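Letters go in sequence order (proteins before strands), and every chain restarts at 1. Keep in mind that this is a model prediction, so the values were computed, not measured.
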Amino acid sequence: MQNLFDIFVKSIFIENMIFAYFLGMCSYLAISKSVKTASGLGIAVIFVMAMTVPIDYLLEKYLMKPGSLTWLSPGLADVDLSFLSFMVFIAVIASMTQLVGMVVEKFSPSLYNSLGIFLPLIAVNCAILGGSLFMQEREYNTLAEATVFGVGSGIGWYLAIVSIAAIREKLRYSNIPGPLKGLGISFIITGLMAIAFMSFMGIKI
Amino acid sequence: MSEKEPLLSKKYLKLVKDPLNENNPITVQVLGICSALAVTVKMKPAFVMAVSLMAVLAASNVVYSLVRNYIPPRIRIIVQLTIIATMVILVDEILKAYVYEVSKQLSVFVGLIITNCILMGRLEAFAMANKPWPSFMDALGNGAGYSLILIIVSFIRELFGSGTVWGYPVMEKLGVYNAGYENNGFITLPPFALILLGIIIWVQRSRVRKLIETH
């Protein structure tokens with residue numbers, strides 16, 4: 001239990017997808033004009049990550065790791081399918097994204113329209129593939145750990161996009177040089193936020 | 001593409017020229033930022049990344065544009081990603097066969113190319129509704145626009161962060177270290193890349209006034 005909690009906190013704050021690894025930047029910058037849309041996209045990302053990381057974990061464990069096919073027959077012990085991991089991970093993510101897209105279109109057409117091209121782009125949101133690849137790299141032992149990691153990273157991403165959206169809503173009232181308005185100042189503020197988040201890096205859990 | 005229209009007509013050249021400035025994939029369309037941050041500490045990997053991205057983008061744009069009429073819209077994301085992943089693996093294998101040294105450097109970036117949103121963004125926004133030749137031109141233009149930003153960012157970061165250009169120790173040869181100059185370690189960290197991109201956008205938008213956002 002303690003272990004799971006550690007992974008959870010770590011994936012939200014210390015190893016935040018945006019501020020520590022700079023993954024999922026594109027949609028983070030493009031969809032953060034208002035808190036409402038940002039939190040819609042954030043929830044979609046949490047959902048996709050919470051689904052894909054455990055699924056990829058199972059696929060990795062029972063299909064692709066060297067020697068993982070022994071549950072089929074002992075003769076397959078030396079089969080190594082790990083070169084397929086990119087393709088498999090991407091396929092899982094893409095199908096999940098398509099699913100989320102259909103659900104959002106059905107239940108909230110206005111959110112669907114405001115997300116525009118960035119809804120299908122969740123599929124190439126590097127944070128999500130990054131989540132699966134980190135899961136593979138860190139060799140989590142149980143399904144629970146992988147799930148907690150997926151949910152935690154999703155929440156970390158949500159937190160980041162909602163906070164930048166809140167800051168950008170306030171920025172509308174400040175006197176920024178014209179050419180720097182919008183995208184330019186968001187980049188610079190993200191940079192500053194990232195510096196702030198670097199202070200979490202020293203914490204060891 | 002009609003037979004009569006020349007291959008390099010104004011319309012097609014515009015497809016190449018626009019993404020270099022007014023419709024730049026990074027600074028205007030906000031695509032492909034993750035890799036712009038990750039590979040721009042040094043110029044060499046940035047250049048390798050830019051070239052391979054352009055190759056993959058051109059190949060997948062053309063392929064997707066060829067099959068665009070046969071794909072049901074519901075499953076298009078999976079098809080797009082399969083095409084991209086196939087092209088990336090193909091490019092990687094070709095490099096391995098002919099220029100092994102480059103491929104060794106590139107192997108780290110394979111994952112980054114697959115998730116580079118420029119690829120899917122362009123497939124979704126352009127190749128889905130256009131014929132192969134314009135799609136190819138569009139890929140060239142966007143690839144070049146992406147490369148341009150990558151080269152600028154990596155040049156500044158390498159020069160002031162590590163004091164070298166393309167691995168050549170410029171700052172040392174100029175003798176500025178003796179005058180008390182020191183490399184700025186902060187520049188090699190990712191947050192600086194964000195701030196630098198913000199400044200590039202600032203400069204670009206003050207030159208191209210119509211890009212200025214009003215809200």
Handout entry: Lys/Arg-Asp/Glu bridge criterion (N-O < 4.0 Å) met for A:R138, A:E145
Key = no
Handout entry: Check: A:W157 and A:I18 side chains under 4.5 Å, non-hydrogen atoms
Key = yes
Handout entry: Atom group of A:M198 that falls short of 4.5 Å from chain B, counting heavy atoms
Key = side chain
Exercise for the section: May I ask you to name which of B:L189, B:I33, B:L196 has the most heavy-atom pairs under 4.5 Å with chain A? Expected result: B:I33
Practice task
Pick one of side chain, backbone, both or neither for B:F192, based on which atoms fall under 4.5 Å of a heavy atom in chain A.
Solution key: neither
Completion exercise
side chain to side chain donor-acceptor pair (under 3.5 Å) filter on A:T52, not counting sequence neighbours, yields none
Completion exercise
Scored by heavy-atom pairs under 4.5 Å with chain B, the best of A:L192, A:I185, A:L29, A:T190 is A:T190
Handout entry: Check: B:F155 ring centroid to B:W166 ring centroid under 6.0 Å
Key = no
